Amino acid sequence: MEIVIITGMSGAGKSTAMDCLEDRGYYCVDNMPPALISSFIGLARMQNGKIKKAAFVVDIRGGEFFDELNSALEDLRTDDISAKIIYLEATDEALVRRFNETRRIHPMTHESPDQEDFQRERERLSSIREKADFIIDTSNMKTAKLKNEIADIFDGENKEEVFVMNISSFGFKNGVPLNADMIFDVRFIPNPYYVPSLKRSTGNSRKVKEYVMKHHEAEVFLKNVDKLVNNTIPGFMREGKYHLNLAFGCTGGQHRSVALANEFSALMQRQGKQVTLEHRDVKKR
């Protein structure tokens, strides 16, 4: 029997993932108490093979029941069952925005959430995240994109085609991204901010890009990052991780980091990799 556990942060898109799997013929159960998973499997086996694959959404809405998920997963993986764990996450900023838009309350506090609530939730989910077969950052994803990501997990024969690289730029003065796997400090490159004609532009402009990339150290830096990342990806995939967050940071997050994130994103796309791109601080002044 094939089992998929969907878990992760509140507001990260678990309901959308469940809908996608339901469309693919999975018997889906939302907010499943972990202790009942083995009972469900037993019942399913009594149906003469009518239920061959099932997906369960398990998250902190289960309260104390959620803490039993680790032991439930151990039981699954010692049985004759194919089990996958899909963990969905997003940045605090994205989650706060989603909760504000939908006016939903957080399941841990039963109030409108703030970043501290999401930090506590991340801590509680950390042990499950480490066990996940697939980690998907939905911060910049629309519903259709997330469904495509889920479909790729189950359809992709070439695992490299499933691997997703989330590239972002940011400004150190606004804080580092909490979900970054690798952070690259590009403040060693001369700053276009101090060039009067470039000060009001961003790294998205051609002139700023040309200014940044004309420096030899920028070219060498990108080549080294390219080599590092490509040497790292196979190791991530061996560990069942098909998702990598890369963050390029400069002082304000508007010039150097934006230009270099754009350049690296384009380089990865030319290599045939799946890439998402976000400039967190580009509009901040």
Side-chain angles (χ1 to χ4, degrees), residues 89 91 93-94 135-137 139-141 145 149 152 158-239 241-285:
E89 64 183 7
T91 63
E93 293 83 358
I135 300 175
I136 302 176
D137 186 337
S139 301
N140 304 309
M141 288 187 185
K145 175 64 174 174
E149 294 292 332
D152 284 343
N158 184 347
K159 291 185 177 180
E160 288 195 21
E161 293 178 358
V162 179
F163 196 91
V164 179
M165 198 174 300
N166 300 305
I167 299 173
S168 65
S169 67
F170 72 95
F172 278 97
K173 72 177 185 180
N174 298 311
V176 299
L178 298 178
N179 65 328
D181 298 306
M182 298 182 185
I183 292 178
F184 300 104
D185 186 345
V186 301
R187 289 176 292 185
F188 64 92
I189 295 171
N191 194 348
Y193 179 84
Y194 296 108
V195 179
S197 62
L198 303 178
K199 181 175 182 178
R200 295 296 178 183
S201 300
T202 73
N204 287 322
S205 74
R206 179 180 57 83
K207 289 184 178 180
V208 171
K209 183 194 79 170
E210 290 175 349
Y211 177 86
V212 170
M213 294 308 301
K214 76 177 182 179
H215 295 93
H216 178 66
E217 54 263 50
E219 182 180 352
V220 172
F221 167 75
L222 284 181
K223 287 181 179 178
N224 287 333
V225 174
D226 179 18
K227 183 177 180 180
L228 170 66
V229 169
N230 275 296
N231 287 338
T232 301
I233 288 174
F236 274 91
M237 291 194 295
R238 281 195 302 271
E239 295 299 316
K241 310 298 183 184
Y242 296 89
H243 156 273
L244 184 62
N245 292 331
L246 306 177
F248 293 79
C250 62
T251 304
Q254 296 173 2
H255 294 93
R256 294 166 291 182
S257 62
V258 174
L260 287 166
N262 285 342
E263 287 294 299
F264 191 73
S265 174
L267 175 61
M268 293 297 99
Q269 288 176 327
R270 290 195 295 272
Q271 294 177 10
K273 294 180 173 60
Q274 293 193 58
V275 174
T276 69
L277 178 63
E278 176 192 20
H279 299 303
R280 191 191 72 180
D281 299 332
V282 72
K283 294 183 179 180
K284 293 180 180 178
R285 291 290 180 185

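Model, not experiment: these values are computed from the prediction.
Summarising the geometry, atom CG belonging to Asn245 is positioned 6.5 Å from atom CD belonging to Glu89; distances are rounded to the nearest 0.5 Å. Taking CD of Gln271 as the reference point, atom CG of Asn230 lies at 5.0 Å (rounded to 0.5 Å). Note that CG of Asn179 and CD of Glu93 are 8.5 Å apart. Values are rounded to the nearest 0.5 Å. Atom OH of residue Tyr211 and atom OG of residue Ser201 lie 13.0 Å apart, to the nearest 0.5 angstrom. With rounding to the nearest 0.5 angstrom, the OG1 atom of Thr251 is 8.5 Å from the CZ atom of Phe172. For the atom pair CE of Met268 and CD1 of Ile233, the computed distance is 7.0 Å after rounding to the nearest 0.5 Å.
Counting heavy atoms from C-beta on, the side chains of Lys283 and Thr202 never come closer than 4.5 Å. At a threshold of 4.5 Å between non-hydrogen side-chain atoms, the residues Ile189 and Met213 do not count as touching. Using a 4.5 Å heavy-atom threshold, the side chains of Leu267 and Val225 count as separate. Put simply, the side chain of Lys273 does not reach to within 4.5 Å of the side chain of Leu244, judged on heavy atoms. Counting heavy atoms from C-beta on, the side chains of Met182 and Thr232 come closer than 4.5 Å. In this structure, the side chains of Ser169 and Val282 stay at 4.5 Å or more apart for every pair of heavy atoms. At a threshold of 4.5 Å between non-hydrogen side-chain atoms, the residues Asn166 and Asn140 do not count as touching. Side-chain atoms of Leu222 and Glu263, non-hydrogen and from C-beta on, do get closer than 4.5 Å to each other.
Val208 approaches Pro192 most closely through the heavy-atom pair CG1-CG, 4.1 Å. Nearest approach of Thr276 to Lys145, heavy atoms of both residues: CG2-CE, 4.5 Å. Taking all atoms of both residues into account, the shortest heavy-atom contact from Glu217 to Pro190 is OE2-CD, 3.8 Å.
With sequence neighbours excluded, no residue forms a side chain to side chain donor-acceptor pair (under 3.5 Å) with Ser265. With sequence neighbours excluded, the residues forming a side-chain contact (heavy atoms from CB on, under 4.5 Å) with Ala247 are Ser168, Phe170, Pro177, Ala180, Ile183, listed by chain and number. Listed by chain and residue number, nothing satisfies the salt bridge (charged side-chain N to carboxylate O under 4.0 Å, His left out) test with Lys207 (two or more places apart in sequence, or in another chain). When the side chain to side chain donor-acceptor pair (under 3.5 Å) test is applied to Glu210, the partners found at least two apart in sequence or on another chain are Arg206. Take Leu178 and apply the side-chain contact (heavy atoms from CB on, under 4.5 Å) test, not counting sequence neighbours, and it matches Asp92, Gln119. Partners of Asp185 by side chain to side chain donor-acceptor pair (under 3.5 Å), not counting sequence neighbours, listed by chain and number: Arg187. Listed by chain and residue number, nothing satisfies the side chain to side chain donor-acceptor pair (under 3.5 Å) test with Ser257 (two or more places apart in sequence, or in another chain). Partners of Asn174 by side-chain contact (heavy atoms from CB on, under 4.5 Å), not counting sequence neighbours, listed by chain and number: Arg280, Asp281, Lys284.
Pairs passing the salt bridge (Lys or Arg N to Asp or Glu O under 4.0 Å) check and including a residue from residues 218-229, sequence neighbours excluded, read Glu219-Lys223.
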>> Could you go through Ile167 and Val275, starting from their C-alpha distance and side-chain angles, then the distance that decides it, and tell me whether this counts as side-chain contact (heavy atoms from CB on, under 4.5 Å)?
In response: CA-CA 7 Å; Ile167 299 173; Val275 174; 3.8 Å; yes
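Side-chain rings of Phe184 and Phe264 stay apart, their centers remaining 6.0 Å or farther from each other.
Checked by atom type and distance alone, the side chain of Ser139 never pairs as donor or acceptor with a backbone atom of Ala94 at under 3.5 Å. With hydrogens and angles disregarded, a donor-acceptor distance shorter than 3.5 Å links the side chain of His255 to the backbone of Lys199.
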